[in-house]
Amino acid sequence: MSSTVPFDPNQPAIVVEDLRRQFGALQAVDGVSFSIDHGRVVGFVGANGAGKTTTMRILATLDHASSGTARIGGYDVMNHPSQVRQLLGWMPDAFGTYEHMTVIEYLDFYARALGYRRQERQHRVREVMDFTDLTPLADRLSNKLSKGQTQRLCLGRALLHDPQILIMDEPAAGLDPQARVELKRLIRILAEEGKTILISSHILSELGEMCDSLLFIDKGRIVHHGDAESMMRPSETPETLVAVQVSGEHAQLLEWALTAPKVTVVDETKRGARLKIESTDEAFIAATLRRMIMDGIPVVDFHREEKRLEDAFIDMLGRMREPNLSAPQPPPLPS
Ligand code: ATP
């Protein structure tokens, strides 16, 4: 019983226009607009509280927008929730299991709820368990699974009706590296099958690898929609990132960076810091290192680093929050 609701594959899979959601005085989603074509994998990125879950819950027909519209496969989420649910697989960030239900019973329960009958149901449950590698765990109690296995069960449940579009809220949160690799592999297969996937995460580097484009949200507003490369383009001011390690405490390095010309601390590391030097001139970079040593910083390692997606995002937010800049305008809808 794959989703039988007709949809036009030439129309975008997800279209959101000027979506707003207010909780009392709080504007959690503040005029969000974007569009995602069929078959695309899009990462939804933003800090805690930026409005990702709220937007996704509205798309999944679990919450109402205060204003604006959202369409899934051409169906308005508020006026046609039942069509939307047939087209959509929803994987929430928190997942409940039932105490006395095994993995197979759990999936069977949801397959029944979705209207699958007898052999078709057994077949679909087996297919989903095979895909998510849960077959060896079929008789394990669903509340006794590891975090990674639980996430695969959650994905399996979302896939039971073979939805065309998947919305996944922080599916990789709390997973160990191996479980993350496994989840990424499953997402890649689903993408190859042509599913449209909107996936939120804090792990930016992983999203960059996995997604065709990234949607950045900050304080309820979309601040960028583009591929990872477009985020990484050099900024207007030339700059170089360097990682510095020191012997002993790094407090002295942080203090030094406060007064050094054209140097700012990007983040602290266990034994040093990542610094931004506002120059790409090698002579200036060498002079900065010389000055650091002359000022008594016990440098044991100093090397240039590639800009990371996280840095690009933080830079962009910093620029947008500069008081003399006007509020960001929603980007044009990508085709
Ligand atoms: P996180 O990465 O922490 O999950 P998020 O980007 O998903 O964050 P949301 O969960 O969408 O953020 O929350 C956006 C804002 O709306 C937050 O300030 C949150 O506290 C608030 N919020 C969300 N749901 C409700 C609610 N039901 N009632 C009141 N405030 C809410």
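In listed order, ligands and their atoms are each counted from 1. Keep in mind that what you see is a predicted model, and the values were worked out from it rather than measured.
For residues 165-177, the pairs satisfying side-chain hydrogen bond (donor to acceptor under 3.5 Å, both in side chains) are Thr53-Asp169, Asp169-Ser200, Glu170-His202, with sequence neighbours left out. Note on residues 244-262: no pairs pass salt bridge (Lys or Arg N to Asp or Glu O under 4.0 Å), not counting sequence neighbours.
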Enumerate, one pair per line, all nitrogen or oxygen atoms of ligand 1 lying under 3.5 Å from a protein nitrogen or oxygen, stating the separation to 0.1 Å; write 'none' if no such pair exists.
| residue | atom | partner | partner atom | Å |
| --- | --- | --- | --- | --- |
| ligand 1 | 2 (O) | Asn48 | ND2 | 3.3 |
| ligand 1 | 2 (O) | Lys52 | NZ | 2.8 |
| ligand 1 | 2 (O) | His202 | NE2 | 3.3 |
| ligand 1 | 3 (O) | Asn48 | ND2 | 2.9 |
| ligand 1 | 3 (O) | Gly49 | N | 3.4 |
| ligand 1 | 6 (O) | Ala50 | N | 3.0 |
| ligand 1 | 6 (O) | Gly51 | N | 2.9 |
| ligand 1 | 6 (O) | Lys52 | N | 2.9 |
| ligand 1 | 6 (O) | Lys52 | NZ | 2.9 |
| ligand 1 | 7 (O) | Thr53 | N | 2.8 |
| ligand 1 | 7 (O) | Thr53 | OG1 | 2.7 |
| ligand 1 | 8 (O) | Gly49 | N | 2.7 |
| ligand 1 | 11 (O) | Thr53 | N | 3.4 |
| ligand 1 | 11 (O) | Thr54 | N | 2.9 |
| ligand 1 | 11 (O) | Thr54 | OG1 | 2.5 |
| ligand 1 | 12 (O) | Gly51 | N | 3.3 |

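The aromatic rings of His225 and Phe34 lie perpendicular to each other, with more than 60° between the two planes, well past the 30° mark.
In summary, of the residues considered (Thr288, Leu258, Val242), a side-chain contact (heavy atoms from CB on, under 4.5 Å) with Val263 occurs for Thr288 alone.
Listed by chain and number, the residues in a side chain to side chain contact (heavy atoms under 4.5 Å, CB included) with Glu193 are Ile189, Leu190, Lys195 (sequence neighbours excluded).
No side-chain donor-acceptor contact under 3.5 Å links Asp139 and Thr102.
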